[in-house]
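Below: the structure, in C-alpha cells.
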There are 2 protein chains.
Amino acid sequence: MKKTILIFSALIVALLVLFQLSKYSIISGDLNTEFVIAVIAIIFFFIGVYINKQSLQKNKELPYEIDHKKIESLEISKREYEVLKLMTSGLSNKEIANQLFLSESTIKSHASSLFVKLNAKRRTQAIQKAKALQII
Amino acid sequence: MKKTILIFSALIVALLVLFQLSKYSIISGDLNTEFVIAVIAIIFFFIGVYINKQSLQKNKELPYEIDHKKIESLEISKREYEVLKLMTSGLSNKEIANQLFLSESTIKSHASSLFVKLNAKRRTQAIQKAKALQII
DNA sequence: ACGACATTAGTACTTTAGTATGAGTCTTAA
DNA sequence: TTAAGACTCATACTAAAGTACTAATGTCGT
C-alpha cells in the first residue's frame, strides 16, 4: 500500500517533468510534438506493464515460497528434509538410499522421525501435510 | 503470440488516431496540448496495466485448473479418479475403502489399474505424475 | 572435554502396499 | 441381446513401508 503511494507520486512528478519538456519541444518545432507524444505514450505503457507485473508477481509467488522458518520450528533436519523432497518426487526408500549413497535403513530412520515431526502415519500423508505447511 | 501481434497493431492504430487528434487540439489552442498529453499518458498507462494483467492471469490460473481432457485420454474411470484423490490426501487403502464403503481389495484393484495408466510404480509416484499432468 | 544432537546403520518385527488371477454384477452401446 | 467395460470382491502371494529398538560416529557449542 505504501509502495502504491510512492509510485503514484513518482508518476505525478514524471507527468510534470514531461509537461515542461513538451513545452520546449513545441517551441522549437512542430515536428517534435508528435514524437514527444509517441514517446510519452510508449513510456507510460511500459510503466503500466512494469508496475502491474511487480504487484502481480508478489501475489503469484507467495504460495510457491517455501516456509523455511516452519521447517526450523518443526525441527526437521537437513537430511530429513532431503528425504522428504525425494519422497515427494515419488521415489521408494531404496531409490532414495541409492541417490543419497546411504543404506535403506537410514532412510527408514529419517522417514520415521519425519513422520513424527509432521504428525503423519504414512509417506503420502507426510507429503500432503508438508505441502499444506508450505514446506515443499 | 498471435494476440501479442494484434495488441501491438491496435496500439499503432491508436497512436495514429491520437496524432490526428492532437493536431486538431494544438490548432484550436495551446492550453489543450498539456491536457492531451496527460490524457494520452494516463490512457497508455492503464492500457499497459490491463494488457499485463490479462497475460499474467492466464499463466497464473492455468496451473490450478484440472485437465479433465487428460483424465479422459488416460482412460481413468470415475472410481479410479476418486481413489487417486483420496490417495493424494494421504489416506491408506483401508481408509479409502471405509470412506467409499468398499472393501480394501477393491481399492487395491483400482489403485493397480491407476498405476498402469499413470505409468507409476508406487502411489507416491502416481501422485507426483498426476500433479505433473494437472489431473489433480 | 563434555553433553546434546545429527547422522548413519543394523536387527527383528508388524503392517501396508502392490501384483496376479479369477469371477460375479451391472450398465450401455451396437 | 450380447459384447465390452466398469465396478466389485476374494485369495494368495511378494515387496515395500514403517516401528522399535540399539549403537557407533561425528559435530558443535559451552
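Keep in mind that this is a model prediction, so the values were computed, not measured. Just so it is clear: chains get the letters A, B, ... in the order the sequence lines come, proteins before strands, and each one is counted from 1. Side-chain atoms are counted along with the backbone in the values below, which use heavy atoms only and exclude waters and symmetry mates.
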Nucleic acid contacts - residues 68-84 of chain A versus DNA chain C, non-hydrogen atoms under 4.0 Å
A/S77, A/K78, A/R79
Within residues 108-131 of chain B, which residues have any heavy atom lying less than 4.0 Å from an atom of DNA chain C?
B/K108, B/S112, B/F115, B/R122, B/R123
With sequence neighbours left out, what residues match A/A111 under side chain to side chain contact (heavy atoms under 4.5 Å, CB included)?
A/M87, A/F115
Kindly write out the residues that satisfy side chain to side chain contact (heavy atoms under 4.5 Å, CB included) with B/S103, not counting sequence neighbours, or none if the list is empty.
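For B/S103 the side chain to side chain contact (heavy atoms under 4.5 Å, CB included) partners, ignoring immediate neighbours, are B/S105, B/T106.
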Provide, to the nearest angstrom, the distance between the CG atom belonging to B/N98 and the C1' atom belonging to C/dT16.
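One finds 14 Å between C1' of C/dT16 and CG of B/N98, rounded.
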When rounded to whole Å, the CD to P distance for the pair B/E104 and C/dG18 reads 11 Å
Restricting to nitrogen or oxygen on both sides, can you table the protein-nucleotides 23-28 of chain D pairs closer than 3.5 Å?
none

Phosphate contact (C/dT8 OP1 or OP2) by A/T106 side-chain N/O below 4.0 Å:
no
Think B/S105 has a side-chain N or O under 4.0 angstrom from the OP1 or OP2 of D/dT11?
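The answer is no; no side-chain N or O of B/S105 sits under 4.0 Å from OP1 or OP2.
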Which is it for B/I66 and B/I135 under the side chain to side chain contact (heavy atoms under 4.5 Å, CB included) test, yes or no, and what are the steps along the way?
CA-CA 5 Å; B/I66 290 168; B/I135 282 178; 5.6 Å; no
B/K117: partners by salt bridge (Lys or Arg N to Asp or Glu O under 4.0 Å), with sequence neighbours left out:
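If we apply the salt bridge (Lys or Arg N to Asp or Glu O under 4.0 Å) test to B/K117, skipping adjacent residues, the hits are B/E80.
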B/E82: which residues meet the salt bridge (Lys or Arg N to Asp or Glu O under 4.0 Å) condition with it, sequence neighbours left out?
B/R79
Indicate yes or no for a side-chain donor-acceptor contact from B/Q125 to the backbone of B/K121 under 3.5 Å, with no hydrogens or angles considered.
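Judged by distance alone, yes, a pair lies under 3.5 Å.
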Is it the case that the side chain of A/S112 and the backbone of A/S109 share a donor-acceptor pair, with hydrogens and angles ignored and the cut-off at 3.5 Å?
no
In degrees, rounded to 10°, what is the bend between the two ends of the helix from C/dA1-D/dT30 to C/dA30-D/dT1, using five pairs at each?
50°
Can you pull the salt bridge (Lys or Arg N to Asp or Glu O under 4.0 Å) pairs that have at least one residue in residues 122-136 of chain B, sequence neighbours excluded?
A/E95-B/R122
